[in-house]
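A short write-up of the structure that comes next.
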Protein chains: 2
Amino acid sequence: MPATGSAQAEAWQIMLDVFLRQRSRFVALAQEFGLAPAQAIALKHLDPETGTPMSELARSLGCDNSNVTGIADRLEGAGLVERRPSPTDRRVKTLVLTAKGAEIRAAHQRRITAAPPEFQALSDADAAALLEILHQVVSPRGDPLA
Amino acid sequence: MPATGSAQAEAWQIMLDVFLRQRSRFVALAQEFGLAPAQAIALKHLDPETGTPMSELARSLGCDNSNVTGIADRLEGAGLVERRPSPTDRRVKTLVLTAKGAEIRAAHQRRITAAPPEFQALSDADAAALLEILHQVVSPRGDPLA
DNA sequence: TATTGTTATACTCTATAACTATA
DNA sequence: TATAGTTATAGAGTATAACAATA
């Protein structure tokens, strides 16, 4: 069923289609690293330098604090993160990547950010044009699509 | 951290970013219709004309048959689908949308396919160019990104 | 009073394995 | 033998509500 309406709407609908088709790929890739999908997303949101307070992670993930407790439990159980008390606020626990966690996070990021063949097949000119247009949609700074 | 490497890879990485940002939107939208995320995706995959055999739905969703049993239970409990025996194979049950299910499916599709403001803001020329390039990535026929 | 993290509870999604009824 | 759907079981994600410690 072809998208009807403006070119803007049609483009969006194709993007939606791409999302949907990538879903199973994302799940399978996370699994390759022994991660459940939410765990992979959580790892991605952890600051590799400073670590990230649990409540901040909850906000990044758009979920409840109580949910993060369980995700952190499992990541900690797998030896990928560590709960560290905040020096400035004794209520806060900061999730910090272990060496193993940092390694897995980086490897997963490398794999997931590698362009699929269909993107690699674009001509340089098309890729450059695509990049420029996407930059308008997701402006480098600011709150794109938020 | 800016994407490094080819324009192809950079474009892909921006697409990934858009996916991630849409996640919570998708969940919230499904919830507006009283649907869990997987239920919304299942509804989308049901053929509104003929209905869809449960095992075919399992393949579309990339999950096990046993999983579809539960999803179908809940959709049926909500009065959105009906299990109907196949006339040609007595092992098969076809999931058919009820009137209410068809309505909710259509309304949800209308909402989710509406382009976000950032896409609507593209110039007609940019939108047309984007559309053309995306068509190369997801070719109208064939197995894009599969 | 408000926030952080936890616990308890409940529901959904998911897979595996065992089962049935068909084919 | 193989497939379609179910059931049982288990683990993961999610939210709400209640709680202790801290701000």
Side-chain angles (χ1 to χ4, degrees), chain A residues 20 23-46 51-78 80-96, chain B residues 20 23-46 51-78 80-96:
Chain A
L20 210 56
R23 241 177 50 100
S24 57
R25 214 187 246 301
F26 292 160
V27 174
L29 181 60
Q31 205 166 29
E32 272 190 53
F33 291 93
L35 300 169
Q39 290 168 19
I41 297 175
L43 273 193
K44 181 196 150 64
H45 280 95
L46 289 186
T52 303
M54 293 178 68
S55 52
E56 190 185 323
L57 180 57
R59 281 186 292 270
S60 306
L61 299 177
C63 74
D64 193 83
N65 282 0
S66 63
N67 196 349
V68 171
T69 297
I71 294 175
D73 283 349
R74 290 179 281 271
L75 287 175
E76 199 169 31
L80 306 184
V81 306
E82 227 182 76
R83 281 171 164 95
R84 211 173 281 172
S86 160
T88 60
D89 185 335
R90 292 200 299 175
R91 292 172 304 176
V92 172
K93 291 176 190 167
T94 302
L95 294 182
V96 180
Chain B
L20 209 58
R23 241 176 52 98
S24 57
R25 215 188 245 303
F26 291 160
V27 175
L29 181 59
Q31 204 167 30
E32 273 189 52
F33 291 94
L35 299 169
Q39 291 169 19
I41 297 175
L43 273 193
K44 180 196 151 65
H45 280 94
L46 289 186
T52 302
M54 292 178 67
S55 52
E56 190 184 322
L57 180 57
R59 280 187 292 270
S60 306
L61 298 177
C63 75
D64 193 82
N65 282 0
S66 63
N67 196 348
V68 171
T69 296
I71 294 175
D73 284 348
R74 289 177 283 271
L75 288 175
E76 199 169 30
L80 306 183
V81 306
E82 225 182 76
R83 280 172 165 96
R84 211 174 279 173
S86 159
T88 60
D89 186 334
R90 293 200 298 178
R91 293 172 304 179
V92 172
K93 291 178 190 166
T94 302
L95 294 183
V96 180

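Below, chains carry the letters A, B, ... as their sequence lines are ordered, and counting in each starts from 1.
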**Option passing side chain to side chain contact (heavy atoms under 4.5 Å, CB included) with Asn67(B) (candidates Thr69(B), Asn65(B), Ile71(B))** = Ile71(B)
**Sequence-distant partners of Arg83(B), side chain to side chain donor-acceptor pair (under 3.5 Å), two or more places apart** = Asp73(B), Glu76(B)
**Prompt:** Considering heavy-atom distances to DNA chain C, does Met54(A) or Arg23(A) have its closest nucleotide positioned more toward the 5' end?
**Reply:** Met54(A)
**Request:** Test Leu61(B) against His45(B) for side-chain contact (heavy atoms from CB on, under 4.5 Å), laying out the working first.
**Result:** CA-CA 8 Å; Leu61(B) 298 177; His45(B) 280 94; 3.9 Å; yes
**Request:** Give me the residues of residues 55-74 of chain B where at least one heavy atom lies under 4.0 Å from an atom of DNA chain C, by number, or none.
**Result:** Gly62(B), Cys63(B), Asp64(B), Ser66(B), Asn67(B), Ile71(B), Arg74(B)
**Request:** Please name all residues satisfying salt bridge (charged side-chain N to carboxylate O under 4.0 Å, His left out) with Arg91(B), sequence neighbours left out, ordered by chain then number.
**Result:** Asp89(B)
**Message:** For chain A and DNA chain D, what are the first and last nucleotides along the strand, 5' to 3', with at least one atom under 4.0 angstrom from a heavy atom of the protein chain?
**Reply:** dA12(D) to dA23(D)
**Asked** Checking side-chain contact (heavy atoms from CB on, under 4.5 Å) for the pair Ser55(B)/Val92(B): CA distance, chi angles, key distance, verdict?
**Response** CA-CA 8 Å; Ser55(B) 52; Val92(B) 172; 5.6 Å; no
**Fill in**
Residues passing the salt bridge (charged side-chain N to carboxylate O under 4.0 Å, His left out) test with Asp64(A), sequence neighbours excluded, are none
**Message:** If you take any heavy atom closer than 4.0 Å to DNA chain C, which residues from residues 80-95 of chain B end up in contact?
**Reply:** Asp89(B), Arg90(B), Arg91(B)
**Message:** For DNA chain D, which residues of residues 31-42 of chain B approach it to below 4.0 angstrom with any heavy atom?
**Reply:** none
**Complete:** Scanning both residues in full, the closest heavy-atom pair of Gly51(A) with Thr94(A) reads C-CG2, 3.7 Å
**Qualifying residues under side-chain contact (heavy atoms from CB on, under 4.5 Å), relative to Arg90(B), sequence neighbours excluded** = none
**Asked** With sequence neighbours excluded, what pairs up with Arg59(B) under the salt bridge (charged side-chain N to carboxylate O under 4.0 Å, His left out) test?
**Response** none
**Fill in**
For Ala36(B), the side-chain contact (heavy atoms from CB on, under 4.5 Å) test, sequence neighbours excluded, returns Gln39(B)
**Asked** Who passes side chain to side chain donor-acceptor pair (under 3.5 Å) against Ser86(B), sequence neighbours left out?
**Response** Thr88(B)
**Request:** List for me each residue that meets side-chain contact (heavy atoms from CB on, under 4.5 Å) alongside Ala40(B), sequence neighbours excluded, and say none if there are none.
**Result:** Ala30(B), Leu35(B), His108(B)
